[in-house]
Amino acid sequence: MCSIIILRQSDNEWPLIIGANRDEMTNRKCLPPGRHWEDRPHVFGGKDLEAGGTWLGINNEGVVAAIMNRVDTLGPMEDKRSRGELVLEALDHSDSSESLNAIIEIEKDSYRGFNMFIGDNLNAYWIKSDENSSFIEYFNVPDGLSMITAYDRNDISSDRIKNYLSKFSLATIPQPSKEEWQDWETLLGSTYSNNNEPLSAMCIKTDIGFQTVSSSLIAVPGFQPSHGSKKPIFRYANGSPDLHAYEELEI
């Protein structure tokens with residue numbers, strides 16, 4: 001997972017909407033989102049077949065978690081555990097605050113650097129584990145639009161954030177109840193880059209086998225007893241989103 005776009009709208013019927021592109025080597029095998037872990041039937045997410053974890057998932061309580069590399073930490077390291085384990089750990093908890101508390105207590109040096117997002121219909125957090133720091137930091141994700149890559153939240157040092165944060169800000173906000181996602185789907189599949197720098201595109205294409213291999217859209221409903229209960233929505237493009245259509249999955 002290399003990019004996540006987060007829209008928080010506390011007073012909306014859909015207080016948390018997420019768009020996420022996974023960038024990976026094309027030869028790293030995975031399964032599309034599903035309930036793949038016998039010991040974690042409450043978790044729905046894609047499964048990395050190399051290390052067994054996930055890059056993005058949601059649990060039965062509506063907690064969403066996603067993991068990204070920090071700058072210069074791409075790929076596994078022999079003496080480090082897989083960062084995909086951390087998403088599964090976060091999804092073992094019933095709300096995002098409990099998940100946050102679990103993650104900030106991990107043995108930091110057991111993992112390469114990472115950015116992590118954890119959120120539900122009430123709270124959302126960005127967790128930062130930089131290899132140049134001796135401790136894990138965390139921050140509330142405020143209402144409005146946020147974008148996280150291998151850099152800090154909304155940090156225009158990231159070519160992708162510099163190129164696309166403003167575009168998402170101008171896009172029509174998704175309307176999950178009306179099945180309206182077009183602007184976000186188009187942007188997630190955009191191969192437009194600055195100065196022919198492929199990593200500044202939202203949908204990456206390179207000649208070394210590294211590219212955007214899948215894309216997800218998730219909407220988490222608020223608690224609205226007068227309108228009846230809604231279920232989270234999970235849309236998934238199983239492949240490069242400029243070429244593969246999004247399909248709504250049964251969670």
Check: So, the side chain of K108 versus the backbone of D130: is there a donor-acceptor pair under 3.5 Å, distance only?
Finding: yes
Item checked: Test side-chain contact (heavy atoms from CB on, under 4.5 Å) applied to H93 and V63, step by step -> CA-CA 8 Å; H93 302 277; V63 178; over 6 Å; no
Next item on the list: Identify which one of V213, L199, T191 satisfies the side chain to side chain contact (heavy atoms under 4.5 Å, CB included) criterion when paired with I204.
Entry: L199
Next item on the list: Flag yes if L122 and I218 sit in one hydrophobic cluster, no otherwise; membership is Ile, Leu, Val, Met, Phe, Trp, Tyr, and two members link when side-chain heavy atoms are under 4.5 Å apart.
Entry: no
Next item on the list: Return the minimal non-hydrogen interatomic distance between A66 and L56, and the atom names on each side.
Entry: CB-CD1, 3.7 Å
Notebook entry, point to check: What pair of heavy atoms forms the shortest contact from P176 to W14, and how long is it?
Noted result: CB-CE2, 3.7 Å
Margin query: Within 45 degrees of the ring normal and closer than 6.0 Å to the centroid, is that where the cationic atom of R22 sits relative to W55?
Written below: yes
Note to self: Tell me if the CG atom of D79 is crowded by more than 12 foreign heavy atoms within 6.0 Å.
What the structure shows: yes
Notebook entry, point to check: Heavy-atom count around Q182 CD within 6.0 Å, excluding the residue itself: above 12?
Noted result: no
Item checked: D120 (side chain) donor-acceptor with S96 (main chain) under 3.5 angstrom -> yes
Next item on the list: Verify whether one side chain among D159 and S200 offers a donor that lies under 3.5 Å from an acceptor in the other.
Entry: no
Notebook entry, point to check: Got a sec: does the CZ of F210 have more than 12 other heavy atoms crowding it under 6.0 Å?
Noted result: yes
Next item on the list: Look at atom CG of D39 and say whether more than 12 heavy atoms of other residues, nucleotides or ligands are closer to it than 6.0 Å.
Entry: yes
Checklist line | Test ring pair (Phe, Tyr, Trp, His ring centres under 6.0 Å) applied to W126 and Y151, F139, F117, F114, the passing residue | finding: F139
Check: Would you say the side-chain atoms of D143 pair up with the backbone N or O of S10, donor to acceptor, closer than 3.5 Å?
Finding: yes
Margin query: Counting neighbours of NZ on K162 that are heavy atoms of other residues, nucleotides or ligands and sit closer than 6.0 Å, is the number greater than 12?
Written below: no
Item checked: More than 12 heavy atoms from other groups under 6.0 Å of CD on E131 -> yes
Notebook entry, point to check: Does a donor on one side chain and an acceptor on the other come within less than 3.5 Å for S3 and N21?
Noted result: no
Notebook entry, point to check: M147 pairs by side chain to side chain contact (heavy atoms under 4.5 Å, CB included) with which of L165, I156, I4?
Noted result: L165
Next item on the list: Count the heavy atoms of every other residue, nucleotide or ligand shown that sit under 6.0 Å from CD of E179, and state whether that count exceeds 12.
Entry: no
Checklist line | Non-hydrogen atoms of A102 and E89 that approach each other most closely | finding: CB-OE2, 3.5 Å
Note to self: Return the OG to CD1 distance between S99 and I104, rounded to the nearest 0.5 Å.
What the structure shows: 11.5 Å
Check: How about S146 and R153: does a side-chain donor come under 3.5 Å of a side-chain acceptor?
Finding: yes
Next item on the list: For the pair R235 and E185, find out whether any cationic side-chain nitrogen is under 4.0 Å from an anionic carboxylate oxygen.
Entry: yes
Notebook entry, point to check: Any luck finding a side-chain donor-acceptor pair between R83 and N69 under 3.5 Å?
Noted result: yes
Check: Does a sphere of radius 6.0 Å around NZ in K231 hold more than 12 heavy atoms from other residues, nucleotides or ligands, not counting ones at 6.0 Å or beyond?
Finding: no
Item checked: Donor + acceptor pair across side chains of K205, S240 (<3.5 Å) -> yes
Check: In terms of side-chain geometry, is the basic nitrogen of D152 or R70 positioned less than 4.0 Å from the acidic oxygen of its partner?
Finding: yes
Note to self: Regarding Y246 and S215, do their side chains bring together a donor and an acceptor under 3.5 Å, going by distance alone?
What the structure shows: yes
Margin query: Looking only at side-chain N and O atoms, does S190 offer a donor or acceptor that is under 3.5 Å from a partner on Y164?
Written below: yes
